[in-house]
Amino acid sequence: MTQASEFPHDRLREEVRLLGALLGEVIRDEGGQALYDRIEAVRRASVAYHRDPASHDAAELERLLGQLSLDQAVGLVHGFAAFSLLANVAEDRAGKRRAQAQAEAGERADTPEGALKRLAEAGAGADQVRDLLGRALISPVLTAHPSEVRRKSVIDRIAAVGDLLDGCDRDGVACDPETLKAALRRQIVILWATRLTRASALVVQDEIDTVVDWLQRIFLHVAPAQLAEWRRLLEAPDLAPFVRIGSWVGGDRDGNPNVDADTLRAAFRSQARAALGFYLDEVHALGAELSLSIDLTRVTPELLALSQASGDASIQRADEPYRRALSQIYARLSAAYPVLTGEPTPRPARFAAPPYDGPDAFRADLAVLHDSLVRTHGAVFADDRLARLITAADIFGFHMATLDLRQNSDVHQRVVADLLKVAGVCANYAALDETERLAVLARELTSPRPLFSPFADYAPETRKERAILEAAAEALATFGPQAIRTHIVSKTDAASDMLEVYLLLKEVGLYDPAKPSACPIQAVPLFETIDDLRAARATLERVLAEPSARAVAEARGVQEVMIGYSDSNKDGSYLTSGWELHEASRALLEVARAAGVRLQLFHGRGGAVGRGGGSAFSAVLGQPGGTVAGRIRVTEQGEVIANKYGEPEVARRNLDALTCGTLLASLGPQSDAGHSARYGETAARLSAASMTAYRALVYDTPGFVDYFRAATPIAEIADLKIGSRPASRTASPAIEDLRAIPWVFSWSQSRVMLPGWFGFGSAVRGEDPVELRAMAEAWPFFRTVVQNMEMVMAKADMAIARRYASLVPDAALAERLHAAILAEWDRTVAAVLSITGQDRLLGGQPELSRLIRQRMPYVEPLNHVQVELIRRRRAGDDDPRVRNGILLAINGVAAGLRNSG
């Protein structure tokens, strides 16, 4: 697959040409010259069509696509999808080079050195940074939200290609051109012959295994290294871990009937296998390394006692106290392994020893060794392999990642109602108003009497929920307080939703009426819809007025609140979602301060802009003043996990960006409050107008649901098998009941990108462009809104969107709704250009514009073929090759767009 000259003459162009040429050789060898020629012809026509859709080349593209047989179409899609995957490798490497160069030049505020420099200029010294990080919590939370279309086998092959090119950068030995090409070609052959789509649906254990793989391969190494670097920069060797990795996988049962008590236990067993397996390997390696003899060195009394207490009877190690101590540590870890994982230790110890009852004792033994080495041999041992192992134990314990529980408030209500009814306390809890419910819950939360009886008859849902919370209690007893910290309640709209959680925790012994402050799990409201966000202030005020919830918040020092980007967007438009989240955050901060506790916001962001995506660094800086204060949690979902944490260097950069954003938002100049006051009235007016325009189309236009389901591949996306939960919460076809991920994903595939921009053009119509430009220049919140919208709009294509609209059976409906969308598109483009002062989208971000423009001609053929294959399938062609071709095209478009879910 040769490349046209539109790529700039730099290393990115060279690498794309290299990978494309090798892919072309593989296609010729594996698929035949005819397939290669066909792909090349379509590529050339697509490039020409992309440059000028009105030219005669559009007809040529239509002719080429119309001539494709089914096998040819599938082969073409496979080729372009593979090219997109390889182009991503080159782009990622170019991004790393740019980031490194900017960091070295001191141009980036999202690096430790850059952030500390800017903070120092603002008057915040190292002491303030140390103090803030000492009590900070910065937590990326990995979820199983289904927007990653790539199989792990495909991700592994792409990573292998990147590793080969990275190795060439690190050492010239690997850079012999022919040797490199041969190694790359081997990986590309494997990629070409690897099925790009899943043959069967994922189950929860698959999702658990995927998350554990990220934890094991990336975070176990990167997080300790990041902490060590911040300790060095701040001259704070005892700085406590502030980055904590979280996970939802195995604990998030909202809308997923496949998550139960067994999956929660399986998640912890899997995570423990990864953590303890790593610790065992590291202790074994240290045993090989620390061969110091007592005859040739001094040791501390504590180290001598630990070695003498060892069960290691080897005469060869009799004079080697560090090895003897490590043998004992290894034996205790080895004994803990089967207890925590349910499996035999991979490499058993040579002698028996009592298992560690938790990570603190393990960490304490390691600290004895480290202290002895540093005290007797100095700083050369201060930051070594042993120090990094201790840091890993500090961060990950034996549980690896803190697991959140999540369930829908409707489920809690039904379970509580069942318990109360069977216990004879309340015959119809669901019929009570909010005041009556709170009264019932408050009484029960002060009573030591349990509601549940093992001899009574309950609904299956009640027994299932109780079993999950029993498993949570087991996990806390086994792994310690960091194992589970929160229980998130989806669809929170009342204070009783929180108290129901505490009542259920009481039933399994986790909430003690005599000492509510000791409850290890905090109930966390999730405000998702526009209405719920607007009511968040009153809801949280009522929650914190309840002694039970207030006691837990005061004991912890914070009340966590989760805010959802996806459903609020689907509910009210991109602009309205952003504004309502901004205002709800400010209101929640006021409530928490009035209650005497800190607010900890948990941002439920997705990958696509329509689900809160975009730069996490910019997003943190755009938060209302005072809402960060050193504590923030953020979901990392689907394709974002691989894009942001797929390799150590990139993962480190993203963890640092999140940390730097948190520091700057917490200690930097707090300019947001003034801008919110100055521009808030305008923003509120724009938000209301945007929501009106959006809902007029999505919820009030007759036939819109039919149009959406026909003009996007929503039905076909369900066949992708990328998650363990259904696409809709109910069997209803209504937009309200559709999950946000397939909603956004469908519009991305059809290249409309509607959730990322619709309503903005109507909102700003008639507004003063001078004021809007001033808002974007001065106010981080509004600037981020516009920049993210620009990015997603640059990936849209209304000409391709019209082709998808041709799939709608009702031609009049298709024309009417496509025209409405196109009119708003034109208004929004004009509005964005007026605000940015540019003559084209992303005119002020040339690097990003260049990357997007380069790849679109290679994405568009996938869209065209996808439309034709969908047309065949919906016409009744049930050939499996049609379905496979559609799924390949969806996969390829997602790879090309990168943040489409």
Side-chain angles (χ1 to χ4, degrees), residues 133-143 208 211-212 214-216 219-220 222-224 226-227 238-252 264-276 278-279 333 336 339-341 355-364 366-367 389-406 469 471-488 505 508 510-511 517-524 552-553 555-560 562 598 600 602 630-636 655:
L133 287 182
R135 50 188 170 82
L137 174 68
I138 301 168
S139 180
V141 180
L142 311 182
T143 80
I208 291 170
V211 165
V212 169
W214 291 118
L215 292 168
Q216 190 170 18
F219 291 102
L220 262 174
V222 171
Q226 187 217 21
L227 179 58
D238 297 325
L239 180 65
F242 51 83
V243 169
R244 299 281 185 181
I245 312 303
S247 174
W248 276 11
V249 186
D252 176 15
L264 185 65
R265 294 187 180 97
F268 278 112
R269 285 197 300 268
S270 298
Q271 292 177 188
R273 273 196 296 273
L276 268 69
F278 173 75
Y279 298 155
L333 270 180
V339 175
L340 298 177
T341 70
Y356 283 116
D357 59 4
D360 291 345
F362 167 59
R363 195 253 187 229
L366 294 176
L389 177 57
I390 293 171
T391 303
D394 286 339
I395 297 172
F396 298 103
F398 288 170
H399 65 286
M400 180 69 96
T402 299
L403 196 62
D404 290 345
L405 305 177
R406 185 171 78 134
L469 295 181
E474 293 172 15
L476 287 164
T478 303
F479 294 100
Q482 285 294 333
I484 302 173
R485 301 279 292 165
T486 59
H487 192 306
I488 299 160
L505 292 173
V508 297
L510 291 176
Y511 179 95
S517 60
C519 184
I521 296 178
Q522 184 174 70
V524 172
V552 177
R556 188 167 294 197
V558 300
Q559 173 62 56
E560 182 170 306
M562 186 172 186
R598 286 180 293 165
Q600 180 173 295
F602 185 5
R631 302 184 72 88
I632 190 168
R633 296 213 299 153
V634 182
T635 53
E636 304 286 18
L655 286 182

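We number each residue from 1, following the sequence as shown.
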Please find the pair of heavy atoms, one from [X] and one from [Y], that lie closest to each other, and give the distance.
{"X": "Pro140", "Y": "Leu655", "answer": "CG-CD2, 3.9 Å"}
{"X": "Ala555", "Y": "Ser517", "answer": "CB-O, 3.3 Å"}
{"X": "Ala267", "Y": "Gly250", "answer": "CB-CA, 4.2 Å"}
{"X": "Ala392", "Y": "Phe278", "answer": "CB-CE2, 4.1 Å"}

Arg633 bridged to Asp404 by N-O distance under 4.0 Å: yes

Is there a side-chain contact between [X] and [Y] in this structure, where contact means two heavy atoms from C-beta onward sitting under 4.5 Å apart?
{"X": "Phe398", "Y": "Thr478", "answer": "no"}
{"X": "Ile245", "Y": "Met400", "answer": "no"}
{"X": "Leu137", "Y": "Gln600", "answer": "yes"}
{"X": "Phe268", "Y": "Ile484", "answer": "yes"}

Positive for ring pair (Phe, Tyr, Trp, His ring centres under 6.0 Å) with Tyr279, one of Phe362, Phe396, Tyr356: Phe362

Whether Thr486 side chain and Ile488 backbone form a donor-acceptor pair below 3.5 Å: no

From CG (Leu405) to CH2 (Trp248), nearest 0.5 Å: 11.5 Å

